[in-house]
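For reference, the structure is listed below as structure tokens.
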Amino acid sequence: MLRPLTRLAFGVSLLALTIAPAAAQTFTPISTDPAVPGNEILVIAAYNGSSETPGKKQDVPPAQPATPPSEATPERAPANPAVRAYPRQADGHGIKLGGYNLSRWAEDWRMMRDPKKRKDFLDRLKYLPIDAAGDVYLTLSGEVRLRADYYSNPGMVDSEYRVEEKLRLVGGADLHVGPLRFYGELAHGGLAGHNYGTPTAKFRDDLFAQQFFGEVGGTIGPVTLGARYGRQEFTDGSSTLVQQKDNNSIRTVEQGLRGWAQLSAFRVDLFDFEHVKLGTKGLSDDIPDAQTRFSGVTAGVVLRDDKTHKLFLDPFVWRERNDKQRWGSITAREIRRYYGARLWGSYGDLTLDWTAAHQSGEFAGRAISAWSVAAAQTYVLNKKGWAPKVGVHFDYGSGGGSFGTGTIHAARPVTAGSVAYSYQGALMTTNLFQVSPNFTVSPARTLDVTVEYQRSWRPSETDAVYRGAGTAYAGTQRIVGDHIGDALHLQASWKITPRLSLTGRWEYFAAGDVLEGVGVADSHYFGSWLNFRF
């Protein structure tokens with residue numbers, strides 16, 4: 001028997017699916033300057049937006065490929081952008097257009113200093129001056145997300161269905177004092193339902209200090225400089241490698257130091273973090289994990305930046321240490337280095353996001369040599385009417401050597417999740433090659449509709465197939481064949497109001513020969529979530 005919350009969310013989402021389903025892989029060009037039509041940049045898996053008045057199309061900031069449309073946080077209204085020399089949509093610090101972004105600290109609400117811009121009481125909370133001049137001010141933010149997920153065969157095995165009822169509550173405060181800034185964010189994750197097993201901290205945590213940092217920044221001549229220390233989200237790179245995993249109730253964050261320097265056409269960003277280890281008992285057990293370290297440098301070059309063409313190249317060199325990495329039957333320290341580049345942006349009606357990286361290092365005295373490649377592209381067939389778009393994304397992560405004694409060729413992301421391939425946690429980019437064509441229409445200004453088909457293979461038949469959590473399907477390394485499975489994704493996103501959105505998603509995963517050989521079952525997933533942000 002489904003609980004009332006589950007029945008309500010499922011019922012409303014079934015209606016939304018009947019009206020207009022949309023998938024998580026949506027690509028659309030957007031305007032970064034409301035005053036300049038056609039000024040487009042890349043958006044991956046972003047909802048097409050809301051409007052302050054019904055019937056008016058609203059632009060949105062870019063979002064990561066794995067982010068469902070309703071969680072892509074469309075902006076509500078343009079704000080005065082934070083002063084940075086490098087194009088703000090590509091500086092790695094989030095979009096400074098105002099409105100509601102995935103990383104709430106990326107929002108800039110100084111426009112609300114003007115009372116005429118405020119629509120209601122919640123707008124007043126976006127700019128609370130503390131001094132008479134208004135140079136010292138506070139911005140408050142919040143989020144409530146109700147979510148229900150159903151799995152027909154949880155864990156991809158023939159078993160009793162699972163229902164997860166999830167609650168996310170987030171409250172944030174952003175204090176600006178001249179060149180100084182202090183940001184804090186508390187979050188709560190609640191979990192109930194049926195047959196959900198032992199709760200994990202990413203879905204249940206009574207109270208979590210999700211972010212807290214101090215920042216100093218300014219300009220010296222043509223150079224913009226800044227530094228930030230504390231707990232923070234980090235998404236400066238391809239979402240196939242790094243994410244804050246907005247699909248979870250409790251987001252993935254890092255703790256440490258980040259610094260940057262920016263010119264008009266070049267930037268450099270350096271960081272040194274420890275991953276944050278989550279607990280389930282409140283603030284006391286959410287701590288930096290001393291067994292991990294993630295550091296590196298990301299650069300950025302503006303290749304083109306005009307009204308119809310925006311192309312950026314972001315080379316990077318990263319290093320991650322994980323003292324508890326597991327390959328095969330061995331758990332040991334792994335040091336992995338990432339050398340790669342991301343080319344992304346838009347060229348007229350075509351958007352693209354390409355990343356290639358070589359991964360090297362060592363694990364338990366063994367060498368690492370792996371590759372990961374991701375290529376997503378979408379073409380807008382017509383900007384009028386239902387605005388149809390056709391797209392496809394390819395993802396490749398090499399495999400091999402995990403269960404042997406020689407070089408490990410298994411690719412691995414840093415913090416990226418698996419929802420780009422399966423909301424059921426069926427697959428990970430390790431030892432994976434997948435192709436996902438998709439088609440999107442917008443039957444109304446506040447609705448997106450996408451259907452996506454996904455086919456997956458494994459590059460190495462002597463290596464296992466890997467779940468979303470990075471663990472191997474036991475025994476798949478001994479099965480002959482390369483076909484992992486096929487999936488169909490259907491998702492609807494409805495922007496009810498500028499602050500409120502509803503998403504419903506259905507997917508079906510059919511196991512291929514390799515997974516069938518170890519008893520993996522086909523599985524249905526259905527989920528719905530209602531988001532409110534201010």
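Within a 6.0 Å sphere centred on OH of Tyr229, heavy atoms belonging to other residues, nucleotides or ligands number 12 at most. Within 6.0 Å of CZ on Phe212 lie more than 12 heavy atoms contributed by other residues, nucleotides or ligands.
Residues forming a salt bridge (charged side-chain N to carboxylate O under 4.0 Å, His left out) with Arg258 (at least two apart in sequence, or on another chain): Asp236, Asp269. Residues forming a side-chain contact (heavy atoms from CB on, under 4.5 Å) with Ala173 (at least two apart in sequence, or on another chain): Leu138, Leu140.
In this structure a side-chain-to-backbone donor-acceptor pair under 3.5 Å is present from Gln377 to Ala375. Proximity of a side-chain donor or acceptor of Lys126 to a complementary backbone N or O of Phe534 within less than 3.5 Å is detected. The backbone N or O of Ser249 lies less than 3.5 Å from no partner atom in the side chain of Arg147, so there is not a single donor-acceptor pair. The main-chain N or O of Arg110 is found under 3.5 Å from a side-chain atom of Asp108 such that the two form a donor-acceptor pair. Lys495 places no side-chain N or O within 3.5 Å of a backbone atom of Ser493 that could act as its donor or acceptor partner. Side-chain atoms of Asn153 come within 3.5 Å of backbone N or O of Asp522 as a donor-acceptor pair. No side-chain donor-acceptor contact under 3.5 Å links Gln244 to the backbone of Val253. Tyr86 contributes no side-chain N or O that, together with a main-chain N or O of Gly92, makes up a donor-acceptor pair within less than 3.5 Å. When atom types are taken as modelled, the side chain of Asp286 and the backbone of Gly279 share a donor-acceptor pair closer than 3.5 angstrom. Between the side chain of Arg104 and the backbone N or O of Gly142 there is at least one donor-acceptor pair closer than 3.5 Å.
When side chains are defined from C-beta on, Arg467 does not count as touching Ser418, because their heavy atoms never get closer than 4.5 Å. Pro87 is listed as a side-chain neighbour of Phe312, based on a closest heavy-atom distance under 4.5 Å. Residues Val177 and Ile130 are not in side-chain contact: their nearest non-hydrogen atoms beyond the backbone lie 4.5 Å or more apart. Put simply, the side chain of Tyr508 does not reach to within 4.5 Å of the side chain of Ser152, judged on heavy atoms. Contact of the Glu107 side chain with the Asn101 side chain is registered, since non-hydrogen atoms from C-beta on lie closer than 4.5 Å. Taking 4.5 Å as the limit, every side-chain heavy atom of His489 sits out of range of all side-chain heavy atoms of Tyr423. Side-chain contact between Val451 and Asn438 is absent, with no heavy-atom pair separated by less than 4.5 Å. A heavy-atom distance below 4.5 Å is not found between the side chains of Tyr196 and Val163.
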Chi angles and distances behind the salt bridge (Lys or Arg N to Asp or Glu O under 4.0 Å) call for Lys383, Asp349: CA-CA 9 Å; Lys383 295 182 179 179; Asp349 292 331; 3.4 Å; yes

side-chain hydrogen bond (donor to acceptor under 3.5 Å, both in side chains) evaluation trace for Tyr161 with Asn195: CA-CA 7 Å; Tyr161 74 92; Asn195 191 33; over 6 Å; no

Trace of the side chain to side chain contact (heavy atoms under 4.5 Å, CB included) decision for Val419 with Arg505: CA-CA 12 Å; Val419 296; Arg505 178 181 177 87; over 6 Å; no

Residues Phe294, Phe271; criterion ring-ring contact (aromatic ring centres under 6.0 Å, His included); working and verdict: CA-CA 8 Å; Phe294 177 39; Phe271 60 90; 4.8 Å; yes

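Between the side chains of Arg499 and Tyr100, at least one donor N or O lies within less than 3.5 Å of an accepting N or O. In summary, the side chains of Ser436 and Gln434 do present a donor paired with an acceptor at a separation below 3.5 Å, with no hydrogens or angles considered. At a cut-off of 3.5 Å, with distance as the only test, no side-chain donor of Asp205 or Thr280 sits close to an acceptor on the other residue. Checked by atom type, the side-chain pair His275/Glu254 shows a donor-acceptor distance below 3.5 Å. For the residue pair Tyr525 / Asp149, a side-chain donor-acceptor distance below 3.5 Å is found, with atom types taken as modelled. In this model, no donor atom of one side chain and acceptor atom of the other lie less than 3.5 Å apart for Gln262 and Trp260.
Using cut-offs of 30° and 60° for the angle between ring planes, the Trp105 and His93 rings count as perpendicular.
To the nearest 0.5 angstrom, Ser238 atom OG is 8.0 Å from Asp395 atom CG. Distance OH/Tyr127 to CG/Asp174: 12.5 Å, rounded to 0.5 Å. Rounding to the nearest 0.5 angstrom, the gap separating the NZ atom in Lys119 from the CZ atom in Arg124 is 15.5 Å. Of the inter-residue distances, the one linking Leu278 atom CG with Phe208 atom CZ reads 5.0 Å to the nearest 0.5 angstrom. Atom CG of Leu169 is separated from atom CG of Leu207 by 10.5 Å, given to the nearest 0.5 angstrom. Summarising the geometry, atom CZ belonging to Phe509 is positioned 8.0 Å from atom CG belonging to Asp486; distances are rounded to the nearest 0.5 Å.
The pair Lys116-Asp114 does not count as a salt bridge, with every side-chain nitrogen at least 4.0 angstrom from each carboxylate oxygen. No salt bridge links Asp206 with Lys281; every basic N to acidic carboxylate O contact stays at or beyond 4.0 Å. A salt bridge does not link Glu143 to Arg145: none of the charged side-chain nitrogens sits closer than 4.0 Å to a carboxylate oxygen.
Closest heavy-atom contact between Pro413 and Thr429: CD-OG1, 3.4 Å. Minimum interatomic distance between Phe213 and Arg231 (heavy atoms only, all atoms of both residues): CD2-O, 3.5 Å. Among all heavy-atom pairs drawn from Ile250 and Ala187, the shortest one is CD1-CB, 4.1 Å. In terms of heavy atoms, Pro443 sits closest to Val441 at CD-O, 3.6 Å. Between Ala374 and Thr240, the closest heavy-atom pair is CB-CG2, 3.6 Å.
Proximity of the aromatic rings of Trp506 and Phe526 is defined here by a centroid distance below 6.0 angstrom, and this criterion is not met.
Applying side chain to side chain contact (heavy atoms under 4.5 Å, CB included) to Arg251 and the options Gln243, Glu185, Arg168, Lys245 leaves one that passes, Arg168.
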